[in-house]
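Please read these numbers as outputs of a predicted model, since none were measured by experiment. Chain A is the first sequence line, chain B the second, and so forth, proteins listed ahead of strands; every chain is numbered from 1.
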Amino acid sequence: MAKQITPRDEDYSRWYIDIVKKAGLADNSAVRGCMVIKPYGYAIWEKMRDQLDLMFKETGHVNAYFPLFIPKSFLSREAEHVEGFAKECAVVTHHRLMNDPHGSGVVVDPDAKLEEELIVRPTSETIIWHTYKDWIQSYRDLPLLINQWANVVRWEMRTRPFLRTTEFLWQEGHTAHTTSQEAEEEAERMHEVYARFCEDFIAMPVIKGAKTDNEKFAGAIETYTIEALMQDGKALQAGTSHFLGQNFAKAFDVKFLNKENKEEHVWATSWGVTTRLIGALVMTHSDDEGLVLPPKLAPIQVVIVPIPKPGDEIDEQAERIRKGLSAKGITVKYDRDDTKRPGFKFAEYEMKGVPVRLAIGKRDLANGVIEVARRDTKEKTSIPLDQILEHVPQLLEEIQENLLQRTRAYRDDHITEVDSWEEFQSVLSDKGGFLSAHWDGTVATEKKIKELTKATIRCIPLDVKQESGKCIYTGEPSTRRVLFAKAY
RNA sequence: CGGGGCGUGGCGCAGUCCGGUUAGCGCACCUGCUUUGGGAGCAGGGGGCCGCAGGUUCGAAUCCUGCCGCCCCGACCA
């Protein structure tokens, strides 16, 4: 047993890190808080990125690229915004190194001090709005629908692979519109795109909702969120979409002439998802044997393992199947590495979360079958060789569907309506998950509850129904329930 | 930034209290043979500034001083 991972119920946090490392997704790096995304982990990100990019294009967006560095003064333009990010910015103060006159190595050249410091982008609103000012004059220039794929840096105190790292990869959409309504619709549209992506591709159901004033993005009028539930009962914010109103347009003086030849500030949105989605994927589906990948995002969807050694006839069948499945757009790996034994390969591909494993040996050949093992249920069956090309595509779909159903059932089972403070506390500590409860709508109460229980308001669900009730903590009147949870 | 823990071949550790030959073990790696239907066995082999810098000593992985780094937990956050 070369690679053991810590069981979930023993130490969930350790389990997560073990999977990330042992499935080959990422490594720690020489830089504190930053990770190396390894080829297998990056392949998952590429699949996510390609699919999302397609969905952005389908909704009319184009890609562009803005600078990594932002002049410090830009961040002072929008007061709320700077307050949200000031504490976690990396700052460039010099532009040159020199040999250390007192010894070996290099030192920062004191003569190379920048006149104005540059901030490594924590997000790009400011540099983008500065640029948009030049791009927008008329209503005919609108809407402006731009996305960028980039890295950003937020100097977090505590990091965890994929879930929170100092540098991370993401996409950020930044749009400008003629009317408030159009911008709001855009924020809602992208919110929906994210939710659909999570369900259809990650097989991870999410709750769509709005953030409270306290939790929303610095500088936004409204923040929409998708909230997912992890296996340990904690919530994870998987993506956000913001209606920014005219806040940035005013801060960066971005105006357009409308049809009546009157100047107006434009209306804005921004929206993003990050490599955190990989962390979400891991914590949603994986088990004590390793990673479990939804077929639609698996870098290898099917692996064929020969038993015991590749022989001519086994090779022939394996190649036939590989080509047949490839022709149907399925990614197949035929692993004929004879320095590793089948048992080792089984464990290895389970660790890596490959959805379907085909094993073929002399015994199977004699019976005209092949062994099919699915990663999600660990079920093994024998399928006639002449049916395998039809069977595997169906099975992949079934696995994708099963993962979604399974996760949705777990999620639905972990949304608990609570109506008393005692119940709130006991359900939170014993069961976890989302607590649907009445809240008086004040930041003070929200903060008090967080202080007492560590639970925060994850969102006000979009599909919330109006019902009168009393705040779980203060007993003040309330018109609808909100979702509380402990969160990542 | 607080509270814990840890730095010894690629990885995981023992050795440190009580200084004493060539610094050891498991995994991984290389070679060979036998194996191969759930993480193979045997034999041989390669690989170490013991985190860094000073100091004490005949002698330091071990004792002293200073520094650096990492991990876990908490407050902040996608």
- Just call it for Arg357(A): base, sugar-phosphate, or nothing, with non-hydrogen atoms closer than 4.0 Å on any strand. base
- Item | G74(B) and U57(B), which share atom name C1', separated by this distance in whole Å | 44 Å
- Message: Can you work out whether Thr274(A) or Ile360(A) has the more 5'-proximal nearest nucleotide on RNA chain B?
- Response: Ile360(A)
- Task: Could you check which of G37(B), G38(B), C73(B) has an atom nearest any side-chain atom of Arg158(A)?
- Result: C73(B)
- Within 45 degrees of the axis of the six-membered ring of Tyr40(A) and under 6.0 Å from its centre: does Lys352(A) put its NZ or CZ there? yes
- Euclidean distance for C1', A14(B) against G48(B) (whole angstrom): 15 Å
- Task: Would you indicate what Lys362(A) reaches in the nucleic acid, counting non-hydrogen atoms under 4.0 angstrom: base, sugar-phosphate, or nothing?
- Result: base
- Task: Specify the separation, in whole Å, of atom CD1 of Ile304(A) and atom P of G37(B).
- Result: 19 Å
- Message: Between C1' on G12(B) and CG on Asp18(A), what's the gap in Å once rounded to a whole number?
- Response: 12 Å
- Query: With rounding to whole Å, what would you report as the distance between C49(B) and G41(B) at their P atoms?
  - Reply: 30 Å
- Message: Starting the side chain at C-beta, find the nucleotide from G39(B), G38(B), C76(B) nearest to Phe344(A).
- Response: G39(B)
- Can you tell me if Arg374(A) and Thr377(A) form a side-chain donor-acceptor pair at under 3.5 Å? yes
- Determine the interatomic distance between P on C42(B) and the same-named atom on G26(B); round to the nearest Å. 11 Å
- Query: In terms of side-chain heavy atoms of Arg341(A), which of U35(B), G39(B), G74(B) is nearest?
  - Reply: U35(B)
- Among G39(B), C76(B), C72(B), find the nucleotide with the atom closest to the side chain of Lys450(A). C76(B)
- For C72(B) and G66(B), measure between their P atoms and round to the nearest Å. 27 Å
- Minimum-distance nucleotide (side-chain atoms of Glu156(A) versus G37(B), C76(B), C72(B)): C76(B)
- Which one, G38(B), C72(B), C76(B), comes nearest to the side chain of Lys87(A)? C76(B)
- Query: From A40(B), C72(B), G39(B), pick the nucleotide closest to the side chain of Ile17(A)?
  - Reply: C72(B)
- Message: Within the 3.5 Å criterion, strictly below it, is a donor on Trp271(A) or Asn147(A) matched to an acceptor on the partner's side chain?
- Response: no
- Item | Length of the NZ-P vector between Lys21(A) and C70(B), whole Å | 13 Å
- Rounding to a whole Å, what distance do you find between Lys38(A):NZ and C11(B):C1'? 12 Å
- C52(B) and C73(B), which share atom name P, separated by this distance in whole Å: 28 Å
- Does Arg357(A) make a cation-pi contact with Phe346(A) (under 6.0 Å, within 45 degrees of the axis)? yes
- Can you check the Tyr488(A) OH to G74(B) C1' distance for me, whole Å? 15 Å
- Query: The side chain of Lys380(A) lies closest to which of these nucleotides: G38(B), G39(B), G74(B)?
  - Reply: G38(B)
- Item | Sugar-phosphate only, base, or nothing, as touched by Lys378(A) at under 4.0 Å among non-hydrogen atoms | nothing
- Message: Nearest to the Glu371(A) side chain among G39(B), G37(B), A75(B), which nucleotide is it?
- Response: G37(B)
- Task: Using distance alone, with no hydrogens and no angle criterion, decide if Ser13(A) and Asp11(A) have a side-chain donor and acceptor under 3.5 Å apart.
- Result: no
- Item | Near-ring test Phe248(A)/His174(A), centroid separation under 6.0 angstrom | no
- Message: Taking Watson-Crick (N1-N3 plus N6-O4 or O6-N4) and G-U wobble (N1-O2, O6-N3), each under 3.5 Å, can you produce the dot-bracket string of RNA chain B? Use [ ] for crossing pairs and | for inter-strand ones.
- Response: ((((((((.[[[[.)....(...]]]].((((((.....)))))).....[[[[[..)....]]]]])))))))....
- Residue met sooner reading RNA chain B from 5', once Glu289(A) and Asn28(A) are mapped to nucleotides: Glu289(A)
- Rounded to the nearest Å, what distance is computed from the CG atom of residue Leu163(A) to the P atom of nucleotide C72(B)? 12 Å
- How is Leu236(A) classified with respect to the nucleic acid when contacts are heavy atoms under 4.0 Å: base, sugar-phosphate, or nothing? nothing
- Mind checking the C1' distance from C68(B) to U56(B)? Whole angstroms is fine. 23 Å
- Message: In this structure, how many angstroms lie between the C1' atom of C76(B) and the CD atom of Gln237(A), rounded?
- Response: 14 Å
- Query: Do Lys333(A) and Gln301(A) have side-chain N/O donor and acceptor atoms under 3.5 Å apart?
  - Reply: no
- Task: Is it possible for you to check whether Arg154(A) lies under 6.0 Å from the centre of the six-membered ring of Phe168(A), through NZ or CZ, and within 45° of that ring's axis?
- Result: no
- Tell me, do Pro355(A) and Leu396(A) make a side-chain contact under 4.5 Å, heavy atoms counted? yes
- Task: Can you figure out which of G38(B), A75(B), C71(B) approaches the side chain of Ala347(A) most closely?
- Result: G38(B)
- Ser13(A) vs C73(B): side-chain N/O to OP1/OP2 distance below 4.0 Å: yes
- Which is true for Thr165(A) with a 4.0 Å heavy-atom rule: it touches a base, it touches only sugar-phosphate, or it touches nothing? base
- Message: Would you say that Pro294(A) contacts Asp376(A) through its side chain, given a criterion of any heavy-atom pair below 4.5 Å between the two side chains?
- Response: no
- Item | Pairwise C1' distance for C67(B) and C29(B), with rounding to whole Å | 35 Å
- When the distance from CG of Asp335(A) to P of G37(B) is rounded to whole Å, what number comes out? 15 Å
